[in-house]
Amino acid sequence: MEYRSIEEKKQQLFESFQQDYETAKAGKKIRPRLGNEMGINYMRERQTLSFLLHPELKETAYEIGYTIGVEITSDMIKGKTLPEIMDSNQPIANRDGYALEEIIEADENHAVYRHYECADCYGLPDIGDHICVYEAGVAAGMFSTALGKKCRVTETRCCAAGDPFCEFLVEVIE
Ligand SMILES: [Zn+2]
């Protein structure tokens, strides 16, 4: 009989994810034989086809990303103001290998940044869509937590819409 609530399972998952980050940071293998790395195609195919066939999933993906940003990765960034937070966030994408990030502008209420060679969308054909909603959600969760105010992050340009890079708009909404 399953007696645990979703909340309990979520907590267990968060702890396990944190542990995986610690393991990886210590240079150790999460999987004993195959290690921690895997090709990006695995993730891309599933994500992109999910969003193409079921566009309503994008909102859910943003919310899941937001939860990840708040619960799992928000301790990666420092800073009190939005420009400080953006500066602190900038090297993470490159370090973790999912994009090269450039900050275009940042003030107290909004910011714009770009991702070059994004793991999700770089090199995809123009399908007229903005698909990097997990990234936007994770960023929104991290920035909101660091700032103590709710932020929304919207992907305004994407390789899957024929743009040469992804561009994200950050808005402080409360
Ligand atoms: Zn994109």
Side-chain angles (χ1 to χ4, degrees), residues 13 17 20-21 24 36-79 82-107 109-147 149-174:
L13 275 177
F17 294 153
D20 285 348
Y21 273 105
N36 307 339
E37 304 302 326
M38 227 188 72
I40 60 172
N41 292 338
Y42 178 88
M43 169 194 78
R44 286 183 156 202
E45 291 161 358
R46 282 156 184 75
Q47 274 184 196
T48 314
L49 282 171
S50 296
F51 298 148
L52 182 70
L53 302 177
H54 300 280
E56 71 278 10
L57 288 177
K58 290 205 296 178
E59 207 179 305
T60 308
Y62 181 90
E63 281 169 31
I64 293 168
Y66 192 91
T67 303
I68 294 169
V70 171
E71 301 285 349
I72 301 163
T73 58
S74 60
D75 62 347
M76 288 181 185
I77 48 172
K78 316 234 171 318
L82 190 57
E84 287 169 359
I85 287 166
M86 296 307 302
D87 275 342
S88 165
N89 183 61
Q90 190 271 337
I92 295 175
N94 188 2
R95 184 197 73 192
D96 290 354
Y98 61 87
L100 297 166
E101 183 167 308
E102 181 189 11
I103 302 164
I104 303 300
E105 52 191 59
D107 62 29
N109 301 309
H110 94 292
V112 174
Y113 65 96
R114 287 179 186 165
H115 275 179
Y116 300 95
E117 299 187 27
C118 167
D120 283 354
C121 68
Y122 180 81
L124 287 187
D126 178 0
I127 55 169
D129 206 354
H130 299 93
I131 60 162
C132 303
V133 279
Y134 280 110
E135 283 67 21
V138 171
M142 289 169 75
F143 302 160
S144 299
T145 305
L147 196 61
K149 290 180 191 167
K150 186 118 181 177
C151 298
R152 179 171 52 217
V153 177
T154 312
E155 191 188 27
T156 54
R157 302 176 76 179
C158 181
C159 299
D163 295 310
F165 46 75
C166 307
E167 191 168 280
F168 296 89
L169 169 67
V170 186
E171 297 164 287
V172 181
I173 53 174
E174 77 180 27

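From a predicted model like this one, the values you see are computed outputs, not experimental measurements. These values consider heavy atoms only, across backbone and side chains, with no hydrogens, waters or symmetry-generated copies. Both ligands and their constituent atoms are indexed starting at 1 by order of listing.
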Would you be so kind as to tabulate the donor-acceptor pairs closer than 3.5 Å made by side chains of residues 167-174, with sequence neighbours excluded?
{"residue": "Glu167", "atom": "OE1", "partner": "Arg114", "partner atom": "NE", "Å": "2.6"}
{"residue": "Glu167", "atom": "OE1", "partner": "Arg114", "partner atom": "NH2", "Å": "3.1"}
{"residue": "Glu171", "atom": "OE1", "partner": "Arg152", "partner atom": "NE", "Å": "3.4"}

Next on the checklist: To the closest 0.5 Å, what do you measure between NZ (Lys58) and CG (Leu52)?
Outcome noted: 10.0 Å
Item to check | Tally of protein N, O or S atoms, where distance to the Zn ion (ligand 1) is under 2.8 Å | outcome: 5
Next on the checklist: Please report the interatomic distance OG1(Thr145) to OH(Tyr66), rounded to the nearest 0.5 Å.
Outcome noted: 6.0 Å
Next on the checklist: Can you tell me how far apart CD1 (Ile104) and CE (Met86) are? Round to the nearest 0.5 Å.
Outcome noted: 10.0 Å
Item to check | Gap separating the CZ atom of Phe165 from the CG atom of Leu100, nearest 0.5 angstrom | outcome: 13.0 Å
Item to check | Exercise: do Glu102 and Tyr116 side chains pair donor with acceptor under 3.5 Å | outcome: yes
